[in-house]
Amino acid sequence: MKLSKTLFIISISLLFGSLQAQDSDIKKPDFLQYENSKWVDSIMAELSPDERIAQLFMIPAFSNKGEEHTQEVLKQIKEYKIGGLIFMQGDPKSQLELMNDYQLASEVPLIGAIDAEWGLGMRLENSISFPYQMALGAIQDDELIYDMGVEIARQIKRSGLHINFGPVVDVNNNPQNPVINYRSFGEDKENVSRKGIAYMKGMQSQNLLATAKHFPGHGDTDTDSHYALPQINHPFERLDDLEMYPFKELINAGIGGVMVAHLDIPALDSTGAPSTLSKPIITGILKERLGFKGLIVTDAMNMKGVAEGNEPGVVDKDAVLAGNDLLEFSEDIPKAITEIRNAINSGLISQAEIDERCRKILAVKQWVGLNKYKSIPVENIEEQVNSPEAKWLNRRLVEASLTLLKNENSLLPLQKLDTLKIASVSIGATKETEFQKTLNLYNKVDNFQLSREADDSEINELKEILEAYNMVVVGLHDFSIRPRNKIELANGVQSFISELAVQKNTVFSLFKNPYVINSLENIEEADVLIEAYQDSELAQELAAQLIFGGVGASGKLPVTVGEKFKAGNGLDLKGGIRFKYTVPEDAGMNSKKLGNAVDSLMHQAMNAKATPGGVVLVAKDQKVVLHKAYGFHKYSDTIKVEKTDLYDLASVSKISTALPAIMKLSDEGKFDLEAGIDDYLPYFRNSNKEGIAFRQILAHQARFKPWIPYWKNTLRDNGSFRWNTFKKDSSARYPVRVSDELWLHRNYKKKIFKAIKKSPLEAEAKYKYSGLLFYLLPDIVERLTNEDFIKYINENFYDRLGATTVTYNPSEKFELNRIVPTENDFNFRHEQIHGNVHDEGAIMMGGVSANAGLFANANDLAKLMQMYLNMGDYGGMRFIDESTLKDFTKTQFPENNNHRALAFDKPYLEYRGEKSNTAKDASAESFGHTGFTGTMVWMDPKEDLLYIFLSNRVVPTRENTRLYKLNTRTQIQQALYDSIEE
């Protein structure tokens, strides 16, 4: 046996001598500089020969197995003086606590390793999982992979460890591979090499040792070496050119470690020995031919690929004789030490060779800083491991991996939302998915789920339902934690997928291994096909954003999928036409500063009973970076506020209803700011308001009275209602519902108009806020368009924006538990106002007024406000001309000490401290509005910043002014500016 191995090494050297690695081409691992350092010399002098052998061993450690396991690990540390530990399951805090204890028990600092191919989340709870390497293989920006390496190194070191057994650089060219597959960067050896080098360099830049695996290449196997010994029957030329190519590239780039696989490769070693035990492979090829001088690590020695038929201890000795430096998962440490000692005594290996390997391990320990070891603080570890920066990086990686394989007729990003009736079907899910929830952020989407085992009756029922829709979005979900390369669906479900794929306007998003595509009949015929690689909530969220243009796509398929798609396929699609839902760091803001400040101020307001709850939404650069609900609908309520709840916007209606219509009509030459009310409502001719220009009125300096208490005009002196105003029951003459027991006369709207017409003017033309015009604007819009006002604003704005909750009279469309109540009205309606507008004048107009009456959730309102911030553009469509919006949002009469724009509010001309209407740092270009119910919207073009605050501060009554006294809204607004990073 010994002779045959020797002859094989000689033959390889002679046959491929011209290909021998040249030291000058190889960057030696950095840790080698310490092989003969003073510290290493001092440790070597203290170690006995057997203790030097023990440094070659690394045993498993779990932080979730209890005290008995801990004591067993401590015993092996103290009795055998092993070199290190490989940590498995647990959590970062428990792991670090144990590692600190284990270090204290060890005379020589322990090297700590972990399998963290996709980050600590691969092994530890409460930690981040970055995308699997198959998804990373799709990314075109390798700098992101480097950044991931840096971040994973930071997290591993923070948890007390020093080696990552990664990256996997196996070239996965076998779709049936059961063990590598999604753990590989793909089938292109150069892409695998580039990604592997970027990942390695990122980790090693932080002095964390990277380990390329599984040498000489585990990609073309259909056997899992955990359970049996795979055999690879390729000639040397193929192995050298393909399987070993990435290892050569990483060795040349300075990789610190290489892990050897358990493989039977006749072309490299004809004896049938697993590669882990093969001297021709480890010494002959890895060390001598490839010139690798770094740390050679075995794959786990308890895997059946090497353990089957080999005695514990003896097999470890054979691994050392083959050339390995560090052995993991040895099953019998004392016997292994004895066997290696016997091999030394027998002349099979020298003590000098053992010492050399021990020095190498100690050099690694010095390179990672163990020569100056100090116990690592445990406090805040999970918060620090799961940092905002890490979460943002994870989002960037997932986003960059999204691969758009089909996009017929440029269907994505979806356009003309007002023409689409969309259904989403999540196949393999049992409840509403994150994918479906995110789709609903952009437009109304009706969600359905179909199980993997659905029978024909379920499928046929769903088919009938889907006939009512002209767009179907399908999410195909995985059924296991990790994306396996097979699919398990009932035949009927597979047929259903096949039928959907050939229908028009069907979008498929696959949260599965790309190899599964080959098993899905007709899937390549779908109008849109997105490959998202894995079924994480983040992948689902970002795939949904891709469909609506919140993010783009740049990924390229890293593997070939049968005859359907080739490696490298993938369409580029630009995103950013609608909101991107992300984290503050993505927009240059600090998560902690922003989140802590908003949380603190909201809780302060709720504790002071300034408002029972609320919703805050913040967007910067058209990226929603904070969207959070707080508290309850009422102080005595059990209904928690949800982000999807609708609030009474009060005076925010002024800039959200008739105003966009007026701006559009201005663009079309149908509305003139210099005209007066009487030009569009002849009823106002010969009144004191005749000829007053709209520019003056919208800027609130037309001498109009602030408001008229219309409802009080319905009362007699004794407090009862006049005969032609209200009745307790509805009828043809009294059709306007104010409450269940108050029905207003059908002609009372004319009395409101008459009251406005006859109202006196203020003596001086200076700024004075007035809502009178806004009762009239809907009629003006109807006269100019010959259309119903609500129909007009829905068709031209809300429907096109996908703002489906922006509405009047919300109780006609939504359940009351989605609508936040307002005041207990003891004066007029004598009831809790819920589902109807709070403003008395607006409710007397049937709930439809431009002064008040609009309801919305924060997300949908934000779409309209972002369109304003974009100066008229959103979702790839222009709604209002840029010049018009610039005119409407600028201060009109500063020379008259008037800070207002046209309907929009503006910052005071000089900041007034706590009495100001905006934050100190709000720019002079900013604009917005507030509402009586406790709402505020504000846009700042200078910072591209959008702020929405929704509350019902009028609970229990309007006399509750604590929100104003606390200055909560503007304090939160200032916190936004404070969180913007320089």
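All figures in this text were calculated on a predicted structure; none of them were measured in a lab.
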Please identify which of these residues, Ile285, Val169, Ile282, meets the side-chain contact (heavy atoms from CB on, under 4.5 Å) condition with Phe215.
Ile285
Does Lys195 count as lying over the ring of Phe185, i.e. NZ or CZ under 6.0 Å from the six-ring centre, within 45 degrees of the axis?
no
So, using ring pair (Phe, Tyr, Trp, His ring centres under 6.0 Å) as the criterion, who are the partners of His69 when residues are at least two apart?
Phe62
Across all chains, not counting sequence neighbours, the ring pair (Phe, Tyr, Trp, His ring centres under 6.0 Å) partners of Tyr182 are Tyr132
Leu110 versus Met99: any side-chain heavy-atom pair under 4.5 Å?
yes
Any heavy-atom pair between the side chains of Asp316 and Met301 that's under 4.5 Å?
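Yes; the side chains approach each other to less than 4.5 Å.
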Using only atom types and a distance under 3.5 Å, with no angle test, would you say the side chain of [X] pairs donor to acceptor with the backbone of [Y]?
X	Y	answer
Arg359	Glu35	yes
Asp170	Ser184	no
Lys512	Ile487	no
Asp91	Ser94	yes

Sequence neighbours left out, what passes salt bridge (Lys or Arg N to Asp or Glu O under 4.0 Å) with Lys65? Give chain and number order.
none
To the nearest 0.5 Å, how far apart are [atom1] in [X] and [atom2] in [Y]?
X	Y	atom1	atom2	value
Ile255	Leu295	CD1	CG	11.0 Å
Ile376	Glu97	CD1	CD	12.5 Å
Ile139	Leu144	CD1	CG	6.0 Å

Decide whether [X] and [Y] meet the rule of one side-chain donor and one side-chain acceptor closer than 3.5 Å.
X	Y	result
Lys248	Asn252	no
Gln55	Glu51	no
Thr271	Asp269	yes
Thr298	Asn324	no

Passes side-chain hydrogen bond (donor to acceptor under 3.5 Å, both in side chains), Asp355 versus Gln351? Steps please.
CA-CA 6 Å; Asp355 291 352; Gln351 182 66 48; 2.8 Å; yes
Flag the pair Asp115 and Arg183 as a salt bridge only when some basic side-chain nitrogen lies within less than 4.0 angstrom of an acidic carboxylate oxygen.
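A salt bridge is absent here (no side-chain N lies under 4.0 Å from a carboxylate O).
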Is Glu107 salt-bridged to Lys78, cutoff N-O under 4.0 Å?
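No, no charged N to carboxylate O under 4.0 Å.
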With sequence neighbours excluded, what pairs up with Lys75 under the side-chain contact (heavy atoms from CB on, under 4.5 Å) test?
Glu72, Glu79
Mind checking side-chain contact (heavy atoms from CB on, under 4.5 Å) for Asp318 and listing every partner two or more places apart, or none if nothing turns up?
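If we apply the side-chain contact (heavy atoms from CB on, under 4.5 Å) test to Asp318, skipping adjacent residues, the hits are Leu277, Val314, Leu321.
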Lys201 meets the side-chain hydrogen bond (donor to acceptor under 3.5 Å, both in side chains) criterion, sequence neighbours left out, with none
